[in-house]
Every structure is written in C-alpha cells, then in structure tokens.
**Student:** 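Quick one: this structure, given as structure tokens, is what I'll be asking you about.
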Amino acid sequence: MSNSDSKPARTWRPRTQAVRGGLSRTNFRETSEAMFMNSGYVYDSAEEAEASFDGTLDRMVYSRFKNPTIAVFEQRLAEIEGAPACRATASGMAAVHAALLCQLKAGDRVVASNALFGSCHWIINELLPRYGIERVFVDGTDLKSWEAALSRPTACVFLETPSNPTLEIIDLAAVCDLAHKAGAKVVVDNVFATPILQSPLELGADIVVYSATKHIDGQGRCLGGAVLGSTEFCADILGPFLRNTGPCMSPFNAWVLLKGLETLDLRMERHCSNALKLARFLETRGEVARVLYPGLESHPQHDLAKRQMRGWGSIVALELKGGKQAAYDLLNGLDLIDISNNLGDAKSLITHPWTTTHQRLSPEDKLSMGITEGLLRLSVGLEDGDDLADDIAQALES
Ligand SMILES: *Cc1c(COP(=O)(O)O)cnc(C)c1O
C-alpha cells in the first residue's frame with residue numbers, strides 16, 4: 001500500500017472528507033477505493049511475523065483485527081464526524097452491544113432513555129441485568145427525571161435522539177453535563193440524525209454509535225455499524241473487546257458503505273427537504289390527528305431541535321384519527337411507498353410500529369412511548385416529493 005498521496009486530511013471540511021477521507025491508493029493508482037477481500041496477510045520472514053505480533057511493526061495481521069478497506073471506512077467516517085477514532089462493526093446492534101459491554105462490569109449502573117430502538121431496549125433491559133448491571137430508564141425529554149436518575153454514581157448513559165418512532169428530542173448538552181457529574185460516559189445512538197445533521201461529541205457526548213445499514217448505506221444493500229470516540233477508548237477499551245469477540249464488518253460491506261459516505265450529505269439534503277414537504281402536507285389532511293417531525297413548529301421540542309441539529313431528518317411519524325384500521329387502510333392503499341420496517345433508504349418506506357418494530361412491547365409500554373394503534377412511521381426517500389404526497393393523498397382517499 002502506498003502512502004505517497006497522503007495529504008493534510010484533517011484540514012478538509014466534512015464534505016471533502018466524505019469523498020476523500022482515508023483514501024490510500026495502491027501501486028495500481030486506482031481512482032476509486034480498492035476492495036481487499038482477504039482474511040489474512042503474509043510475512044516475508046519469520047522475524048517479520050514475530051515483529052507484527054509483538055507490536056514493533058505496525059501492519060495488518062488478520063482481518064478480524066484490521067483490514068485496509070475497513071480502515072478507509074473507519075477513517076472516513078471519523079473525519080466526517082469530527083471524532084478522533086472509529087471502529088466498524090458487522091451491524092448497528094453489534095456496535096451498540098460492543099460500545100456498552102466493552103466498558104461495563106458487574107455492579108455498574110446504566111441510565112437510559114425510555115424511547116429506544118427495540119433491540120437497544122432489549123440489551124439494556126434484558127441483557128445487562130444478567131451480568132449484574134443495574135439499569136434505570138427515564139423519560140428522555142424530562143431533564144428532572146435525568147437529574148433524579150443521575151443523582152447517584154453511574155457508569156454509562158445511553159440515549160437516542162431523535163427517538164424511534166416518535167421523534168422525541170433529548171437535550172444532549174444538558175444530559176451530558178448531568179451524566180459527567182455522575183461519573184458516566186455518554187453513548188449516543190445517532191442513527192436518525194446521521195453525522196450530517198447532529199454532532200453529539202461537540203455537545204459533550206463521549207461515544208457515538210451508528211447503524212450504517214440505515215442512511216450511511218441508504219440504498220438497502222448491506223448491514224454495518226460503527227462506534228466513534230476518543231483514541232484511547234477505541235484502542236484500549238473497545239479495541240480488545242472487538243478483536244477478541246469478533247463482530248467485525250465484512251470488507252465488502254465496508255467498501256459499499258464507504259461509497260455510501262460519498263453521497264450521504266447530498267442524500268440527506270433531499271431526505272430532509274422531502275420529509276419537511278410531506279410533514280407539512282400531512283398537517284393539512286383532516287384524516288391525520290397529529291404529525292410528528294422535528295422541523296414542524298408544532299413539534300413540542302422544535303426549538304431544542306433547532307439548537308442541536310442542522311436539519312430535521314428523513315423520518316416523519318403520523319397518527320391517523322381512525323386508529324389501527326385507518327392506518328392499515330392507508331398502508332394497503334399505497335402504490336409507490338413500500339411497507340417495510342427499514343429506514344433511511346432511497347426508497348420511501350412506511351411501517352406500523354404497534355404491530356411490527358415495537359410488537360413485542362406491552363400495550364402499556366407502547367403507549368408510554370407515544371406509540372398508538374393509529375401511528376405510522378414514514379421513512380421519506382429520495383423520490384420526487386410531489387409523487388410521494390400524491391401517493392399518500394390517493395391512499396387516504398381510497
Ligand atoms: C436500525 C437501528 C439500530 C440497529 O442497527 P442494525 O444495523 O439493524 O443492527 C440501532 N439503533 C437505531 C436507532 C436503529 O434505527
């Protein structure tokens with residue numbers, strides 16, 4: 001691998017980093033990034049192998065530890081995020097699991113917001129207690145309940161903002177402040193905002209996690225995840241955990257995802273403008289009881305979203321007056337928008353959280369998270385926004 005074209009990368013702005021960050025061309029001088037689909041590496045001598053393992057020689061030894069294509073993805077995402085370091089994982093859930101378990105031990109305490117992605121909720125609610133880790137859930141929008149929960153020493157805070165599917169906004173700066181006073185490291189699931197719309201590290205968070213499956217790929221092709229944080233955290237705490245437990249990203253997926261990063265900013269622009277257009281359109285429809293979108297003045301935390309985000313994202317939630325039947329009628333009447341539980345895709349996708357993504361929660365838990373039987377979550381894609389509005393209008397009328 002040639003480093004002859006390494007440039008002063010850190011001075012570039014995020015949009016340039018998205019296209020060129022981490023680029024390291026081989027001697028063939030290819031334009032686009034090469035894909036290294038190899039598990040292992042060879043050594044020219046026994047001495048070189050020894051030096052590679054005792055750390056005197058910094059080189060690739062095994063793709064569970066390090067791979068050139070995965071390294072480009074990691075460096076590029078770190079540059080966009082403005083994070084000192086990044087480690088890629090096989091999926092978003094592998095990232096969440098590793099980010100938490102690598103730093104927690106029996107007797108620790110974790111405080112988390114209540115409105116979480118289903119599997120994140122499962123890890124904190126079901127898995128952590130098996131290892132003797134205490135967990136406390138709070139209403140993420142209520143600073144008083146964060147304050148009460150963080151009045152005792154705490155190892156870790158986990159939260160998601162905007163939340164899935166009701167788009168609650170958590171005050172990152174205020175919660176990070178309370179968490180640090182309690183001695184906690186703050187882990188933020190930044191999937192809905194993406195690095196383009198929100199920078200949790202700048203607001204005080206210690207660690208950011210992504211499902212790269214969502215907007216970073218954004219084209220429904222592969223799974224991936226990432227954990228970003230300080231160099232010490234990634235090298236000394238997360239690194240050994242990943243190296244020895246093995247939830248590594250495939251080099252093929254890393255290549256797909258690093259190409260996804262090149263267009264992420266452009267795609268988010270269209271996602272956001274389409275979503276705002278649809279949110280405003282839905283507000284005019286009599287069949288719709290409420291529309292939840294951080295960009296609407298009617299959103300209860302619109303001002304907070306404006307302070308900590310650079311855009312409102314691709315997800316709109318809407319509640320139909322006619323409950324579950326009206327929600328199903330709308331889903332079944334759609335022609336263009338697909339029924340799917342994925343999100344952040346180029347294709348617009350819609351789901352009924354009560355019976356799909358959040359089906360396993362009790363009715364009381366769903367209602368406490370603002371999920372009603374008439375609620376739909378719409379992931380607004382890159383199509384023409386007028387076609388999307390037309391499709392929803394004809395489905396509401398049919
Ligand atoms: C999808 C998602 C995850 C999990 O990511 P996978 O890549 O599906 O494992 C975690 N958090 C949020 C907010 C998500 O939307």
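Quick note: residue numbers are just sequence positions, from 1.
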**Student:** Tell me whether L128 shares a hydrophobic cluster with V209, the cluster being built from Ile, Leu, Val, Met, Phe, Trp, Tyr side chains joined at under 4.5 Å.
**Tutor:** yes
**Student:** Does a salt bridge link K181 with D177, judged by any charged N lying under 4.0 Å from a carboxylate O?
**Tutor:**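 Looking at K181 and D177, the cut-off is met.
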**Student:** Please tell me whether S32 and K259 have a donor and an acceptor in their side chains that are separated by less than 3.5 angstrom.
**Tutor:**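 K259 and S32 do have a side-chain donor-acceptor pair below 3.5 Å.
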**Student:** Using only heavy-atom distances, determine whether the side chains of T356 and T351 contain a donor-acceptor pair under 3.5 Å.
**Tutor:** yes
**Student:** Can a donor-acceptor pair be found between the side chains of R20 and T16 at a distance below 3.5 Å?
**Tutor:** no
**Student:** Using every non-hydrogen atom in the two residues, find where P251 and M35 come nearest and quote the distance to one decimal.
**Tutor:**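 Smallest interatomic distance, heavy atoms only, reads O-CG, 4.2 Å.
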**Student:** Okay, side chain of H352, backbone of E373: is any donor-acceptor separation there less than 3.5 Å?
**Tutor:**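 Judged by distance alone, yes, a pair lies under 3.5 Å.
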**Student:** Locate the shortest heavy-atom distance separating L318 from L282; write the atom from each residue and the value.
**Tutor:** CD2-CD1, 4.0 Å
**Student:** Would K366 pass as a cation-pi partner of W354, given that its NZ or CZ must be under 6.0 Å from the six-membered ring centre and within 45 degrees of the axis?
**Tutor:**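 Flagged: K366 positioned over aromatic ring of W354.
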**Student:** Give me the atom names and distance for the closest heavy-atom approach of Q301 to T141.
**Tutor:**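 It is NE2-CG2, 3.1 Å.
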**Student:** Just checking, any donor-acceptor pair under 3.5 angstrom between side chains of E283 and S298?
**Tutor:**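 Side chains of E283 and S298: pair found under 3.5 Å.
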**Student:** For the pair T69 (side chain) and N67 (backbone), establish whether a donor and an acceptor sit closer than 3.5 Å, ignoring hydrogens and angles.
**Tutor:** no
**Student:** Determine, using the 4.5 Å side-chain heavy-atom cutoff (strictly less than), whether V380 and I337 are members of one ILVMFWY cluster.
**Tutor:**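 Linked, V380 and I337 end up in one cluster.
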**Student:** Under a 4.0 Å N-O cut-off, is there an ion pair linking K321 with E287?
**Tutor:**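 Result for this pair is no, no salt bridge flagged.
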**Student:** Is it the case that the side chains of H358 and D365 hold a donor-acceptor pair, with the cut-off being a distance below 3.5 Å and no angle test?
**Tutor:** no
**Student:** Starting at CG of L172, measure out to CG of L203 and round the result to the nearest 0.5 Å.
**Tutor:**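 Atom-to-atom, L172:CG and L203:CG are 5.5 Å apart.
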**Student:** Would you give me the side-chain donor-acceptor pairs under 3.5 Å for residues 86-104, sequence neighbours excluded?
**Tutor:**
residue: R87; atom: NE; partner: E74; partner atom: OE2; Å: 3.4
residue: R87; atom: NH2; partner: F65; partner atom: O; Å: 3.3
residue: T89; atom: OG1; partner: S91; partner atom: O; Å: 2.9
residue: T89; atom: OG1; partner: A95; partner atom: N; Å: 3.4
residue: T89; atom: OG1; partner: G225; partner atom: O; Å: 3.3
residue: S91; atom: OG; partner: M93; partner atom: N; Å: 3.4
residue: S91; atom: OG; partner: A94; partner atom: N; Å: 3.1
residue: Q103; atom: NE2; partner: A99; partner atom: O; Å: 2.9

**Student:** Which heavy atom of A34 sits nearest a heavy atom of W255, and at what distance?
**Tutor:** O-CD1, 4.0 Å
**Student:** Report yes if some heavy atom in the side chain of V186 is under 4.5 Å from a heavy atom in the side chain of I207; otherwise report no.
**Tutor:** no
**Student:** Tell me whether the guanidinium CZ or amine NZ of K277 lies under 6.0 angstrom from the six-membered ring centre of F281 and within 45° of its axis.
**Tutor:** no
**Student:** Quick one: are N125 and R135 in side-chain contact, heavy atoms under 4.5 Å?
**Tutor:**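 Answer yes - side chains close enough.
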**Student:** Please say whether more than 12 non-hydrogen atoms of neighbouring residues, nucleotides or ligands are located less than 6.0 Å from CG in N332.
**Tutor:** yes
**Student:** Determine, stepwise, if the pair I339 / L349 fulfils side chain to side chain contact (heavy atoms under 4.5 Å, CB included).
**Tutor:** CA-CA 6 Å; I339 303 172; L349 308 172; over 6 Å; no
**Student:** Please confirm whether the backbone N or O of A155 pairs with a side-chain atom of D108, one donor and one acceptor, at under 3.5 Å?
**Tutor:** no
**Student:** If you round to the nearest 0.5 Å, how far is CH2 of W146 from OG of S151?
**Tutor:** 13.5 Å
**Student:** Is S273 reaching over with its side chain to a backbone N or O of E269, donor-acceptor style, under 3.5 angstrom?
**Tutor:** yes
**Student:** Above 12 or not: heavy atoms from other molecules or residues under 6.0 Å from CZ of R243?
**Tutor:**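 Open.
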**Student:** Supply the atom-to-atom distance E397 CD to D329 CG, rounded to the nearest 0.5 angstrom.
**Tutor:**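 Rounded to the nearest 0.5 Å, the CD-CG separation comes to 13.5 Å.
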**Student:** Indicate whether the side chain of T372 and that of E319 have a donor and an acceptor atom separated by less than 3.5 Å.
**Tutor:**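 There is such a pair (donor and acceptor under 3.5 Å, judged by atom type) between the side chains of T372 and E319.
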**Student:** Do L197 and F192 make a side-chain contact, defined as non-hydrogen atoms from C-beta onward lying under 4.5 Å apart?
**Tutor:**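 Not touching, per the 4.5 Å side-chain cut-off.
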**Student:** Going by distance alone, is a donor N or O of one side chain under 3.5 Å from an acceptor N or O of the other, for N253 and R221?
**Tutor:** no
**Student:** Between R280 and E297, does any side-chain N to carboxylate O distance fall below 4.0 Å?
**Tutor:** yes
**Student:** Within the distance-only criterion (no hydrogens, no angle test), does the side chain of Q394 pair as donor or acceptor with the backbone N or O of G333 below 3.5 angstrom?
**Tutor:** yes
**Student:** Between the side chains of Y41 and S63, is a donor N or O closer than 3.5 angstrom to an acceptor N or O?
**Tutor:**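 The answer is yes; a qualifying pair exists.
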**Student:** Are T166 and M369 close enough that some pair of their side-chain heavy atoms sits under 4.5 Å apart?
**Tutor:** no
**Student:** Nearest 0.5 angstrom please: S314 OG to R267 CZ, how far?
**Tutor:** 10.5 Å
**Student:** Can you confirm whether F158 sits close enough to S113 that some side-chain heavy atom of one is under 4.5 Å from a side-chain heavy atom of the other?
**Tutor:** no
**Student:** Working to the nearest 0.5 angstrom, can you tell me the gap between L150 CG and L143 CG?
**Tutor:**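 Between L150 CG and L143 CG, I get 10.5 Å after rounding to 0.5 Å.
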**Student:** Donor-acceptor pair, distance only, cut-off 3.5 Å: does the side chain of N114 make one with the backbone of D139?
**Tutor:** no
**Student:** Between E383 and R270, is there a salt bridge with N-O shorter than 4.0 Å?
**Tutor:**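 No.
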**Student:** Rounded at 0.5 Å granularity, tell me how far CG in L378 sits from CG in N274.
**Tutor:**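 That separation rounds to 10.0 Å.
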**Student:** Hydrogens and angles aside, do S199 and R310 bring a side-chain donor and acceptor to less than 3.5 Å of each other?
**Tutor:** yes
**Student:** Quick check against the 3.5 Å criterion: does R76 have a side-chain atom that pairs as donor or acceptor with the backbone of G21?
**Tutor:**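 A pair under 3.5 Å: yes.
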**Student:** Counting distance only, does the side-chain N/O of E160 pair as donor-acceptor with the main-chain N or O of F117 below 3.5 Å?
**Tutor:** yes
**Student:** How close do A149 and V136 get, counting heavy atoms only, and between which atoms?
**Tutor:** CB-CG1, 4.1 Å
**Student:** Same hydrophobic cluster for L258 and M37, using side-chain heavy-atom links shorter than 4.5 Å among ILVMFWY?
**Tutor:** no
**Student:** Keeping the roles fixed (side chain from T161, backbone from I170), state whether a donor-acceptor pair exists under 3.5 Å.
**Tutor:** yes
**Student:** For this output row, return yes or no: ring centroids of H302 and W312 closer than 6.0 angstrom.
**Tutor:**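 Yes, they do, as the ring centres are separated by less than 6.0 Å.
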**Student:** In terms of hydrophobic clusters joined by side-chain contacts under 4.5 Å, are L116 and W122 together?
**Tutor:** yes
**Student:** Under the criterion ring-ring contact (aromatic ring centres under 6.0 Å, His included), I'd like the reasoning laid out for H215 against Y210: C-alpha separation, chi angles, the key distance, then a yes or no.
**Tutor:** CA-CA 10 Å; H215 305 82; Y210 286 108; 9.5 Å; no
**Student:** Does the pair R59/E48 count as a salt bridge with the N-to-O cut at 4.0 Å?
**Tutor:** yes
**Student:** Walk me through whether E79 and R13 qualify under salt bridge (charged side-chain N to carboxylate O under 4.0 Å, His left out).
**Tutor:** CA-CA 9 Å; E79 301 285 5; R13 294 166 182 83; over 6 Å; no
**Student:** Are I350 and V291 connected into the same hydrophobic cluster when the rule is that any two of I, L, V, M, F, W, Y join if their side-chain heavy atoms are below 4.5 Å apart?
**Tutor:**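 Yes; tracing contacts between hydrophobic side chains, which count when under 4.5 Å, links both residues.
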**Student:** Is it true that D54 and T56 share a donor-acceptor pair across their side chains at a distance under 3.5 Å?
**Tutor:**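 Note: T56 and D54 side chains meet the donor-acceptor criterion.
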**Student:** Is there side-chain contact between L77 and L228, with heavy atoms separated by less than 4.5 Å?
**Tutor:** yes
**Student:** Salt bridge between D265 and R15, side-chain N to carboxylate O under 4.0 Å?
**Tutor:**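 Yes.
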**Student:** How about Q198 and T194: does a side-chain donor come under 3.5 Å of a side-chain acceptor?
**Tutor:** no
**Student:** Where is the tightest heavy-atom contact between R377 and P165, given as atom of each residue plus distance?
**Tutor:** CD-CB, 3.9 Å
**Student:** Does T213 reach the main-chain N or O of G224 with its side chain, forming a donor-acceptor pair under 3.5 Å?
**Tutor:**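 Checked: pair present.
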